[in-house]
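What follows is one structure encoded as structure tokens, with my remarks underneath.
As the structure lists them, so they are numbered: ligands from 1, and atoms in each ligand from 1. Please read these numbers as outputs of a predicted model, since none were measured by experiment.
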Amino acid sequence: MNTPTVGILVGGLIYSGIKTNRSNLEQISFYEEACIQYGLCPCFFRLKDIKLETDQINALVKGDKGKYELKVITIPKIIHNRGLFFRNESKIKIKNLQKTGVIIFNDRNRYGKWGVHEILMKNEELQPHLPETKRASSLNFIEMLEKHKQLIIKPSGGSLGGGVVMVEKKDSEFWEVCYNQKRESFANDWPDIIRKKVLNKNYIIQERIQLAQYQGSPFDLRVSVQKNGLGEWQVTGVVGKVAKIGNYVTNVAKGGTCKTLTELLSDYSDLDFNEVYQSIEDFSIKAVTELNKYFPNLADVGLDIGLTTEGFPMFIECNCRDLRITFKKAQMHEVWKATYTTPISYARYLFDSKII
Ligand SMILES: Nc1ncnc2c1ncn2[C@@H]1O[C@H](COP(=O)(O)OP(=O)(O)OP(=O)(O)O)[C@@H](O)[C@H]1O
Ligand SMILES: [Mg+2]
């Protein structure tokens with residue numbers, strides 16, 4: 001029997017890395033090992049390599065000498081999307097390819113934070129886990145200032161922690177805005193930075209979750225939630241990101257450091273690890289199941305989840321192209337590897353199920 005080929009759709013940078021054997025954004029050997037385990041053969045290509053006029057594609061496949069070579073092959077029937085596409089024509093191309101019967105999972109991987117919030121809010125069970133969120137506008141900002149001690153204003157589209165501003169109430173008349181490690185206090189006259197963001201419809205205003213802390217810095221969690229070899233959602237791993245001293249964003253791109261949950265909970269002796277883990281798992285599975293109703297090909301997400309000091313999970317955002325690097329940085333080698341193996345096991349499930 002022939003070994004079926006699974007396609008991994010990647011961006012230009014990763015593609016060049018594979019070609020020159022220097023890919024450090026994706027751990028190619030993990031895809032290879034997972035494919036051996038599940039009886040599949042991986043090939044890598046970019047969206048621009050797909051020509052809809054033909055069912056053939058020029059893809060990178062490992063040759064006899066152990067190096068990746070370009071080969072003309074039939075477009076794989078199952079494709080795991082690891083690219084980020086912003087242009088409308090890319091989305092149309094993917095849709096047209098799907099119309100030919102090809103399954104592309106995680107086809108869309110950018111969803112606005114506002115849209116995701118609206119979907120999750122529809123489910124009553126999830127509501128307690130969602131910080132109050134409003135679209136940016138002057139009126140909403142005034143309302144939120146009155147209701148909450150601390151606010152986060154951030155772009156609805158991704159930012160890797162950039163553009164995220166914190167506003168804090170100081171007393172009945174004064175607030176302070178924090179951004180780029182600077183602080184500025186204000187009363188009725190809003191500083192330019194506030195004005196700019198509050199008047200930008202692509203921003204959201206959110207109640208700041210009182211995040212649990214590790215050695216005096218707030219932390220949140222990256223939770224890898226993926227479809228597995230049974231076609232079911234599972235939590236593949238949980239890792240913590242601790243903000244740099246004095247910062248309120250935990251992003252690694254902003255100096256955050258990665259730690260295991262066990263380490264992060266060591267200061268919270270009253271919290272039971274298993275109970276906290278279970279509630280993170282329960283919430284995460286419920287949240288992605290809900291999102292999956294609206295995004296049918298969703299199969300691999302990295303949720304950002306905050307923990308309160310009581311160990312209660314609070315939703316921050318859903319990343320649909322998790323770089324999985326946080327697990328590596330926390331030295332969670334097995335979990336890091338599993339974040340690559342699980343989507344391949346899901347590809348195997350799709351090959352074996354009646355879908356294809
Ligand atoms: N409501 C909130 N309460 C507390 N902290 C928050 C809140 N929103 C964001 N943060 C902090 O800011 C960080 C960045 O925000 P978020 O994850 O929403 O966007 P992002 O990582 O910049 O977006 P993307 O991953 O799409 O680039 C979070 O990891 C968290 O540490
Ligand atoms: Mg984030």
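- Minimum interatomic distance between Ile57 and Pro76 (heavy atoms only, all atoms of both residues): CG2-CD, 4.5 Å.
- Checked for salt-bridge contact, Lys170 and Glu168 meet the test: a charged N lies under 4.0 Å from a carboxylate O.
- Counting heavy atoms from C-beta on, the side chains of Glu33 and Thr341 never come closer than 4.5 Å.
- Every residue two or more places apart in sequence or in another chain that forms a salt bridge (charged side-chain N to carboxylate O under 4.0 Å, His left out) with Lys293 is listed here: Glu290.
- Formation of a donor-acceptor pair under 3.5 Å by the Arg348 side chain with backbone atoms of Tyr38 is found in this model.
- Side chains of Thr326 and Lys329 form no contact here, defined as non-hydrogen atoms less than 4.5 Å apart.
- Each salt bridge (charged side-chain N to carboxylate O under 4.0 Å, His left out) pair with one or both residues in residues 274-286, not counting sequence neighbours, appears once here: Glu125-Lys286.
- At a heavy-atom cutoff of 4.0 Å, ligand 1 is contacted by no atom of Met314, backbone or side chain.
- Close contacts of ligand 1 with Asn319, meaning ligand atoms under 4.0 Å from a residue heavy atom, involve 24 (P), 25 (O), 26 (O).
- Between Phe295 and Ile119, the shortest heavy-atom contact is CZ-CD1, 3.7 Å.
- Heavy-atom contacts of Val249 reach the following atoms of ligand 1: 12 (O), 13 (C), 31 (O) (cutoff under 4.0 Å).
- Counting atoms of ligand 1 from 1 in the listed order, those under 4.0 Å from a heavy atom of Gln206 are 1 (N), 2 (C), 7 (C), 8 (N).
- At least one heavy atom of Lys113 sits closer than 4.0 Å to an atom of ligand 1.
- A pairwise comparison of heavy atoms in Glu310 and Leu271 identifies O-CD2, 3.4 Å as the closest pair.
- At a heavy-atom distance under 4.0 Å, atoms from both the backbone and the side chain of Thr250 approach ligand 1.
- Both the backbone and the side chain of Ile209 come within 4.0 Å of ligand 1, counting heavy atoms alone.
- The shortest separation from a heavy atom of Lys254 to ligand 1 is not under 4.0 Å, leaving the residue out of contact.
- Other members of the cluster containing Val165 are Phe141, Ile142, Met144, Leu145, Leu151, Ile152, Ile153, Val164, Met166, Val167, Trp175, Val177, Tyr179, Phe186, Trp190, Ile193, Ile194, Val198, Tyr203, Ile205, Tyr248, Val249, with ILVMFWY side chains joined at under 4.5 Å, either directly or via other members.
- Atoms of ligand 1 found under 4.0 Å from any heavy atom of Tyr248, numbered from 1 in the order shown, are 11 (C), 31 (O).
- Excluding waters, the set of protein N, O or S atoms lying under 2.8 Å from the Mg ion (ligand 2) comprises Asp304 OD2, Glu317 OE2.
- One finds no salt bridge joining Lys51 and Glu53 here, because no Lys/Arg side-chain nitrogen approaches an Asp/Glu carboxylate oxygen to under 4.0 Å.
- Close contacts between ligand 1 and Asp220 involve ligand atoms 28 (C), 29 (O), 30 (C), 31 (O) [criterion: under 4.0 Å to a heavy atom].
- One option in Arg208, Arg222, His148, Lys154 has a heavy atom closer to atom 15 (O) of ligand 1 than any other, and that option is Lys154.
- Between Asp55 and Lys77 there is no salt bridge, since no side-chain N of the basic residue sits under 4.0 Å from a carboxylate O of the acidic one.
- Residue contacts with ligand 1 for Glu317 involve side-chain atoms from C-beta outward but no N, CA, C or O (heavy atoms, distance under 4.0 Å).
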